[in-house]
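The chains referred to below are lettered A, B, ... by the order of the sequence lines, with proteins before strands, and numbering in each begins at 1.
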Protein chains: 2
Amino acid sequence: MQSSIQELIQANRSRAFFFKYNENPKAYAEDLAAQGLLAFQQRLNTNYNLPAEASCSQWVGEEVSPYLQTGLGIHYPQLSVDALIQQAQTAQTSWQATSIDQRFEILNQSLEIVGQRFFELAYATMHTTGQSFMMSFQASGPHACDRALEVMATAYEQLTYYPNQVNWVKPMGKFDLSLHKTYSPIPKGIGLVIGCSTFPTWNTVPGLYANLMTGNVCIVKPHPKAIYPIAIFIEALQTAMINAGVNPHSIQLAADTIEAPLSKTLAEHPAVQLIDYTGGNAFGDYVESLHKTCFTEKAGINSILLDSCKNIDAVAQNIAFAVSLYSGQMCTAPQNIYIAKQGVQTEEGLVSVTDVQQKIVMAIKGLMDNPKAAAPTLGAIQNDATISRIQQELQLHADKVLTYDTNVVNAEFESARIQTPSVIACSVEDKNIYMKECFGPMIYLVQTESFEQSLSVVQASAQSHGAITCSAYTTDAAKTTAIQVAMNAVFTPVSFNFIAAAFVNQHAAFSDLHVSGGNPAGNATFTNTDFINKRYIWIGNRYML
Amino acid sequence: MQSSIQELIQANRSRAFFFKYNENPKAYAEDLAAQGLLAFQQRLNTNYNLPAEASCSQWVGEEVSPYLQTGLGIHYPQLSVDALIQQAQTAQTSWQATSIDQRFEILNQSLEIVGQRFFELAYATMHTTGQSFMMSFQASGPHACDRALEVMATAYEQLTYYPNQVNWVKPMGKFDLSLHKTYSPIPKGIGLVIGCSTFPTWNTVPGLYANLMTGNVCIVKPHPKAIYPIAIFIEALQTAMINAGVNPHSIQLAADTIEAPLSKTLAEHPAVQLIDYTGGNAFGDYVESLHKTCFTEKAGINSILLDSCKNIDAVAQNIAFAVSLYSGQMCTAPQNIYIAKQGVQTEEGLVSVTDVQQKIVMAIKGLMDNPKAAAPTLGAIQNDATISRIQQELQLHADKVLTYDTNVVNAEFESARIQTPSVIACSVEDKNIYMKECFGPMIYLVQTESFEQSLSVVQASAQSHGAITCSAYTTDAAKTTAIQVAMNAVFTPVSFNFIAAAFVNQHAAFSDLHVSGGNPAGNATFTNTDFINKRYIWIGNRYML
C-alpha cells in the first residue's frame, strides 16, 4: 500500500497523469453492465437501506427521472439533525484515532466497491440529473473516483508533511537542551458536504473524501432530487468502515425534501466546522457568511473570446458541441461568445461577424439534426425551471434570437425533457441581456468594438460575476499573452484554440484545477493543498526529556 | 543555490533543524559589535534614508527609548497612501515577473546584509521595544532571519508543487488528444504587513518574506514606536532589489504616527489584497472582518496547569523566569497558573497550594534580587500604559496580591522603565479577575477544586479567549494524555514539564509552529503551508497542440 500511495502522489503532482479508473464502459466486464441495469431496476420503488441506518423508521425520497418524467420511488433513511450530529460526534473520536494509512485503505476500498457498481451508478445519475448514459458513467463513476484519489493523494502527502515526532537538541554551550516534539494534524470536526442536482458525485466526492482523509467525520446533504448516486458512495464507505471495524457513522447521509430542507439547520449547527458546497450563488454566499471553514463552488459566466483561428468551421463545431453538451448544465459550459465587429481572421481570410454567428448556429443545427449525436449530447434538462427561464428570456429578447429549425427526439426515452440550445445575438452595450448567468442551453453572441474591448469585458465579467473557465481563439502570439495575463490576473484559467476532441467544459482529475478559488465563482479549488490543509490544524507539543 | 534551497527545505521539513543564523553574539567578528553600536549612535537624531525614497520630503518619527525614556530623534520618509499604492502597483508587474529562484536570491541577499548589521539591529530593538540586549540581538536578528528562511523554504517548495508545464496526452482510441498545460501560482496583489511594538522584526518578517517570495509586493506599516528595527530589513531588501535590477518599491515602508495612523486607510484600500497583522484583538478582529486574505496573530491568555512534578523548586524557578522574561511582554508569556486545592504531588511529597504559591513568589524574588540576572531578564516596559494598567489591577485586588520585597536597578540605564512581576492569588470562582488578558508582568495563581476542573477551565479559556501556548506539569501518564487531548482539541499546543533552560515562551524557527491558527489568538500560523498558499492562486491554462 505504502508504495502505491507514493506512486499516486507522484502521479498527482506530475499533472500529466491520465486516469486510474477507466472511463470507457466497454473496458469493464460485460456482465457488470447487465448487473448494473438490473440493480437499478430493482432499486426503483424500494427503500435504500444503508448499512449504518438499519433501524431507521423515517424515509424520504422525491427523485424524478428527467428521461421518464416519473418519480423513481426510492426512499432514503431520514434522521433528525440532532441524531445526525450526535452520531457524528460519537464517531469523530474513533475516526480521528485511525491512522492516515488506515483511512487511505478504507477510502480506497470504498472506491473499489463503487467500481463494481459503475453501471448502476450511471443509471442512477442519468435518471436524477438528466445526463446522457456516457456522461453519467464517466462523470459519476471513473472521474469522481479519480477526483477522490486525487484528494486522497494530496491529503496523504500533506498530512505527512511534518514528521510525527522529533528529538530536538539545541547546543547551549556547556550542555545541550533536548526536547521531544510531536506534530499532529488535528481535524477541525464535523464536515458537511452539500451536493448539487447536476453532478451529485463528481462535485461531492472531493470534499467528502478530503474530510474523511483529514480525520473529520462527514455528513453529506445531497440535493433532494439527486440522492441515489451519492448514496452508492455512502453505502460503499460505510461498508468499508464496517469491514475495518470502524464506526460507520463517520459518514452519514442527510436526506431531505424540497419542502423541508435541512441544509441551513445543519450548516448553522455549532458542531459543524467544515462546509463544502456546490450550487447557486445566493446559498453559496450565505455559506461563506457563516464564518466556518468553507469550500464553495458557485456559478459564474464562462466566456469565449473569438479573435482569430485557422479554420472557423472547426471552431464553430467545437463551440456547438461545448454549448450543447449536457444542455449547458455544466458549471464549465460557455455562455457568452465575444466577437469584434471587424470579424474573425482565418487562414481562408476574414469572416464577418454575421457569417461567424451563422456558422455557430448552423453547427448547432448540424449537431441537433444528427440523430446519433443529438440526444446523447444534450441529455435531458434536470429541472423544469430551467426551461421556463429560457422561454422567458427568448420571449423578452425575441428580436435578437437567431433561430434554426430542428427537432430532437430521444428514441429510447420519448418523455425526455429536452431543450435544444438557444442563441441570442446582441451588442456589447446590452449588458442587461448577457451579463448574467442564464443556466442551461442558452448562449449569447456579443459583438464588440474591438479585440481589446472583448478582452476587457471578458476580464471584468470574470472579476465581478465569476468564471470557472474561459475559452479563447487567437492565432496571434501577442494577443495570446494578453489574454492569458488579463484572465489569469482575475484568477480565471484559459483554454486556447480548442477544436476537435478538446472541450473547454471538461476538467480532468490529476491534471486540471477545477475552480480557481480566486474569483466570485467559488472560494476553493479541487484539489490544491489548501483544499486539504484548511480542514485541520497542525499542533506541535513539546516534552522535556 | 538550487542545492542549498533543497537542503533548507529538507531542514525545515525535518523540524529538528536548529538554526542557520547563530544566536550567540560572541560568535560574530568582534568589530561588528563596535560598528553596530557606532551605527546606532550615529543614527540618533537623523533622517533614515531608504534607497528607494531618496527624494522624499516628508519625515516622521516619534520613537522613545524605554531605557532612556527620551526620544530617539530618528525620522523616516513618509509617503501618502496614494503614493505608496501607486508605487506598489507599478512595482507589482516587474516583481511578479521575477522567477522564484531570483526572488529567493534577492531575499537571501537581504538577510546576508542584515546579518552584517545584527548589532545595530539589536540596539535599535532595545531602544524601541525595551527588550534586553540579548533578546534584542537574538529575536530581531538571527531568529527573525531564521523565520524568514523558514518561510522562504516553505514558499519555494509550495511554489514548485506543480510543474510549470506538462504535455498531457489522453488516448482516445483511434487517436490521442494532446494538450499543453501550464500551471502558475498567480500572486494576489499588494500585501500589507502591520507590525507591533514589542517584536518589530520577528513578528513582521514572516509575512513580509512570504509576500515577496510568492510574488506579492509588500508595504510594511510598523508600529510608530518601533520603526527602526524593521527599517533595517526594508533597507536591506531595497538594496538587494536594486543590486538585482528590480524595482525597489516592491517593498515599501509606511511610517505613521500615533496621532495620525495609516493602518485602516491602507487596510481598506481596494488594491490591498493581503494583510498580515500582529497586535491587539480589537484591531485584529477588524482586520479579519475586511474579507481580505489575512493572517492575524492576536492576544490570548496562556495558562500553566500545575498538577505534579519531580522537583517543585525547579518548576518554581522555571515559572519565575518565564513570567519575568521581557517583563511578560511576549505573546507567549504565561499569565494564569492553575493549582488544585489538594496541592502539588512531588517526589518529596505533597506540597500545599500555599507553599507552591510562596515558592513561585520567592523564586521571582530570588531572580529579581540577583543583580546580574534581574535587569537582563526583565528588560524594560515598552509602553507607560502597561504600568498604569497593572497598578490599577493591583489596587483593585489589593487583598489578593502576594507581595515580595525587591528593588531592581538597571546599572547601565538608570532611567529604564522597570516593573517587576506582580502576583495575584485567587480562586477559580474569580473569573472577573483572571479570565482576561493583563498584558505585562502580571500573573494570577488560580486555585481550583481539582485537576479535572483546572483542565476544564484551561481548555475553556483557550477556546473562548485564545491561547498561543500552554504549559503543563504532571508526572502522571494518564493526565499527560488528558491534557494533550483536551488542549489540542482547542488547537493549543502544550509544553510539558519544562524546567532548566526550556521555557514555554520560546518558539524556535524550523521546529515550533508559532500560533496554531485554530483558536481566537490568531487565524494563521508561522509557517505551515497555508501561511504561503493563501497568498496566490494556482491557475492552469491549456493550449491545443
Out of [options], return the one with the most heavy atom pairs under 4.5 angstrom to chain A.
{"options": "B:Pro187, B:Gly518, B:Ala502", "result": "B:Ala502"}
{"options": "B:Val166, B:Ile537, B:Asn12, B:Ile186", "result": "B:Ile537"}
{"options": "B:Tyr536, B:Phe496, B:Phe17", "result": "B:Phe496"}

Please report the interatomic distance [atom1]([X]) to [atom2]([Y]), rounded to the nearest 0.5 Å.
{"X": "A:Asn541", "Y": "B:Gln484", "atom1": "CG", "atom2": "CD", "value": "5.0 Å"}
{"X": "B:Ile532", "Y": "A:Asp530", "atom1": "CD1", "atom2": "CG", "value": "11.0 Å"}
{"X": "B:Lys310", "Y": "A:Met544", "atom1": "NZ", "atom2": "CE", "value": "10.0 Å"}

Minimum heavy-atom distance [X]-[Y], with the two atoms named:
{"X": "A:Ala508", "Y": "B:Trp168", "answer": "CB-CZ2, 3.8 Å"}
{"X": "A:Arg542", "Y": "B:Gln506", "answer": "NH1-O, 2.5 Å"}
{"X": "A:Arg15", "Y": "B:Pro163", "answer": "CG-CD, 3.9 Å"}

* Select all residues of residues 486-495 of chain A having any heavy atom within less than 4.5 Å of some heavy atom of chain B, and report them by number, or 'none'. => A:Asn488, A:Phe491, A:Thr492, A:Pro493, A:Val494, A:Ser495
Is it the side chain or the backbone of [X] that comes within 4.5 Å of chain B heavy atoms, both, or neither?
{"X": "A:Ser511", "answer": "both"}
{"X": "A:His514", "answer": "neither"}
{"X": "A:Glu288", "answer": "neither"}

* Asked: Which residues in residues 173-183 of chain B have a heavy atom less than 4.5 Å from any heavy atom of chain A?
  -> B:Phe175, B:Leu177, B:Leu179, B:Lys181, B:Tyr183
Side chain / backbone / both / neither for [X] at chain A, heavy atoms under 4.5 Å:
{"X": "B:Gln96", "value": "neither"}
{"X": "B:Thr160", "value": "backbone"}
{"X": "B:Asn24", "value": "neither"}

Please tell me if the side chains of [X] and [Y] come closer than 4.5 Å, counting only heavy atoms from C-beta onward.
{"X": "B:Leu513", "Y": "A:Ile539", "result": "no"}
{"X": "A:Asn528", "Y": "B:Tyr162", "result": "yes"}
{"X": "B:Thr529", "Y": "A:Tyr161", "result": "yes"}

* Asked: What residue, out of A:Ser184, A:Ala501, A:Gly189, A:Ala472, has the most heavy-atom pairs lying under 4.5 Å from chain B?
  -> A:Ala501
* Among A:Cys470, A:Ser14, A:Ser471, A:Ala500, which has the most heavy-atom pairs under 4.5 Å with chain B? -> A:Ser14
